[in-house]
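Accompanying notes for the structure given below.
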Amino acid sequence: MSQSIFDDYDIFKTMHPVKIQIMKDLAEKMQGKQMKDAAPLLMAATSQLKAHNLSFTPEESSVLLEILTKDMTPQEKAKVEMMKNMVKKNRK
């Protein structure tokens, strides 16, 4: 994966290096896959973060989602947005 996408976001200038690496690995593993295949990869990334006593902030999660959905069709992005909103609603 081209690292240029990560150069487009200022958040990576101050993010913990472990978080950056996990995010890059996840983005690389997700290339060419559909979002339905994301759950196991996201769970593995979350486990890696927890092993380092880290977690993604809401802003970092938002950037990650933007990166993971950048090549999706508008319909696929709409489905992801709908799922994201359902998760937020269920957290309240």
Side-chain angles (χ1 to χ4, degrees):
M1 167 173 221
S2 167
Q3 289 196 208
S4 63
I5 187 77
F6 289 91
D7 296 334
D8 293 343
Y9 298 91
D10 288 338
I11 194 169
F12 293 110
K13 293 177 182 169
T14 57
M15 189 185 294
H16 192 286
V18 171
K19 288 183 179 185
I20 293 171
Q21 190 57 52
I22 290 171
M23 197 177 284
K24 284 181 178 181
D25 290 345
L26 180 59
E28 187 176 301
K29 289 175 184 171
M30 280 297 300
Q31 262 189 324
K33 291 190 170 58
Q34 296 181 359
M35 275 314 267
K36 67 177 183 164
D37 302 321
L41 297 174
L42 290 169
M43 288 173 54
T46 300
S47 293
Q48 286 180 303
L49 287 169
K50 285 182 181 178
H52 293 279
N53 289 325
L54 298 170
S55 62
F56 289 132
T57 66
E59 183 182 10
E60 292 165 347
S61 295
S62 178
V63 168
L64 175 60
L65 192 59
E66 189 176 320
I67 290 169
L68 293 178
T69 61
K70 71 178 177 49
D71 294 328
M72 290 185 175
T73 66
Q75 294 84 2
E76 290 171 319
K77 286 182 182 183
K79 286 180 186 177
V80 170
E81 194 61 35
M82 186 174 68
M83 289 188 317
K84 187 171 101 175
N85 290 334
M86 286 174 52
V87 169
K88 278 185 186 178
K89 188 177 181 181
N90 288 335
R91 285 184 183 167
K92 290 181 180 181

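Predicted model, so just to flag it, every value in this text is computed and none were measured.
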*asked:* So Thr57 and Lys19, do their side chains get closer than 4.5 Å, heavy atoms only?
replied: yes
Sorted by chain and residue number, the side-chain hydrogen bond (donor to acceptor under 3.5 Å, both in side chains) partners of Glu59 (sequence neighbours excluded) come out as none
Hits for side-chain contact (heavy atoms from CB on, under 4.5 Å) against Lys77, two or more places apart or cross-chain, chain-then-number order -> Thr69, Met72
For Ile20, the side-chain contact (heavy atoms from CB on, under 4.5 Å) test, sequence neighbours excluded, returns Phe12, Met15, Lys24
Looking only at heavy atoms, the pair that brings Met23 and Phe56 closest together is CE-CE2, 3.6 Å
When every non-hydrogen atom of Ser55 is compared with those of Glu60, the smallest separation belongs to O-OE1, 3.8 Å
- Indicate yes or no for a side-chain donor-acceptor contact from Ser62 to the backbone of Pro58 under 3.5 Å, with no hydrogens or angles considered. no
With sequence neighbours left out, the residues meeting salt bridge (charged side-chain N to carboxylate O under 4.0 Å, His left out) with Lys13 are Asp10
Residues Ala27 and Leu68: closest non-hydrogen pair is CA-CD2, 3.8 Å
Gln21 meets the side-chain hydrogen bond (donor to acceptor under 3.5 Å, both in side chains) criterion, sequence neighbours left out, with Asp25
Nearest heavy-atom contact between Tyr9 and Glu66 is OH-OE2, 2.7 Å
Residues passing the side-chain contact (heavy atoms from CB on, under 4.5 Å) test with Asp37, sequence neighbours excluded, are Lys33, Gln34
